[in-house]
Colleague: 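Can you keep this structure in mind? I'll have questions shortly.
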Amino acid sequence: LMKDPEITVKNVAIESISSQKIDLNVTLNVNNPNAVGITIKSVVFDVYYQQGNDWVAVGHGEGGGYEIKPGMNEITVPVTLKTSELLGAGIGALMKGEITLQIRGTAVPDLFGLNPKIPFSHTTTVPLKL
């Protein structure tokens with residue numbers, strides 16, 4: 001019997017910052033408890049910024065076709081956030097020098113014909129260096 005992998009967000013790192021966009025790398029830990037490798041067919045998530053008590057969507061990431069060996073694996077998915085959307089949402093993140101982000105999404109493994117949706121979420125504060 002195949003078991004679902006465990007998926008968590010390991011890290012959210014800024015790859016680059018410009019006046020038009022912020023490029024992020026979202027790294028997921030995928031723990032495959034099975035004795036055989038599996039494929040993650042798709043990973044889909046949204047990136048949110050905290051504005052008061054609300055979370056405002058500012059980006060979207062997706063990928064797929066990841067070969068996962070038994071045990072712990074890492075997947076890195078690039079995401080681009082447009083600074084105009086960030087500033088339009090009332091974010092003073094560039095002034096503060098940091099941004100609090102939440103990643104919410106699902107991963108869909110191919111477990112020999114079964115394709116459960118496995119949710120994951122993570123909140124983190126990322127330093128912004130201009």
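We're numbering straight along the sequence, starting at 1.
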Colleague: Could you please spell out the steps behind the side chain to side chain contact (heavy atoms under 4.5 Å, CB included) verdict for Asn32 and Lys69?
Modeller: CA-CA 7 Å; Asn32 177 8; Lys69 296 179 276 198; over 6 Å; no
Colleague: Scan the side chains in residues 106-113 for donor-acceptor partners under 3.5 Å anywhere in the protein, sequence neighbours excluded, and list what turns up.
Modeller:
residue : atom : partner : partner atom : Å
Asp110  : OD1  : Phe112  : N            : 3.4
Asp110  : OD1  : Gly113  : N            : 3.1

Colleague: Can you name the nearest heavy-atom pair linking Leu101 to Trp55, along with the distance?
Modeller: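 That closest heavy-atom pairing would be C-CZ3, 4.0 Å.
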Colleague: If you measure from CZ on Arg104 to CZ on Phe45, what distance do you get to the nearest 0.5 Å?
Modeller: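 It comes to 13.0 Å.
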Colleague: Is any side-chain heavy atom of Leu24 less than 4.5 Å from a side-chain heavy atom of Ile22?
Modeller: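 Touching, per the 4.5 Å side-chain cut-off.
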Colleague: Distance-only criterion, 3.5 Å: show the donor-acceptor pairs between side-chain atoms of residues 4-15 and protein atoms not counting sequence neighbours.
Modeller:
residue : atom : partner : partner atom : Å
Lys10   : NZ   : Glu74   : OE2          : 2.4
Glu15   : OE1  : Asn25   : ND2          : 2.8

Colleague: Quick one: are His60 and Val44 in side-chain contact, heavy atoms under 4.5 Å?
Modeller: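 In contact.
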Colleague: Where is the tightest heavy-atom contact between Pro70 and Ala35, given as atom of each residue plus distance?
Modeller: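 Answer, listing the atom of Pro70 first, then Ala35: CG-O, 3.5 Å.
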Colleague: Search all heavy atoms of Ile38 against all heavy atoms of Met2 and return the closest pair with its distance.
Modeller: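 Minimum heavy-atom contact is CG2-CE, 3.6 Å.
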Colleague: Could you give me the CA-CA distance, side-chain angles and deciding distance for Leu81 and Tyr49, then say whether side chain to side chain contact (heavy atoms under 4.5 Å, CB included) is met?
Modeller: CA-CA 11 Å; Leu81 309 179; Tyr49 172 79; over 6 Å; no
Colleague: Determine whether Tyr48 and Val77 fall in the same hydrophobic cluster, where Ile, Leu, Val, Met, Phe, Trp and Tyr are linked whenever their side-chain heavy atoms lie under 4.5 Å apart.
Modeller: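 Different clusters: Tyr48 never reaches Val77 through Ile, Leu, Val, Met, Phe, Trp or Tyr contacts under 4.5 Å.
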Colleague: Is it possible for you to say whether Ile40 and Ile103 belong to one hydrophobic cluster, with membership spreading through side-chain heavy-atom contacts below 4.5 Å?
Modeller: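 Linked within one cluster.
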Colleague: Once you round to the nearest 0.5 Å, how far does CD1 of Ile75 lie from CG of Asn29?
Modeller: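 Answer for the CD1-CG pair, Ile75 versus Asn29, is 9.5 Å.
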Colleague: In Å, rounded to the nearest 0.5 Å, how long is the span from OG1 of Thr123 to CD of Gln102?
Modeller: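 Between Thr123 OG1 and Gln102 CD, I get 3.5 Å after rounding to 0.5 Å.
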Colleague: With the 4.5 Å side-chain cut-off for hydrophobic clustering, are Val36 and Ile68 part of the same group?
Modeller: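 Both belong to a single hydrophobic cluster.
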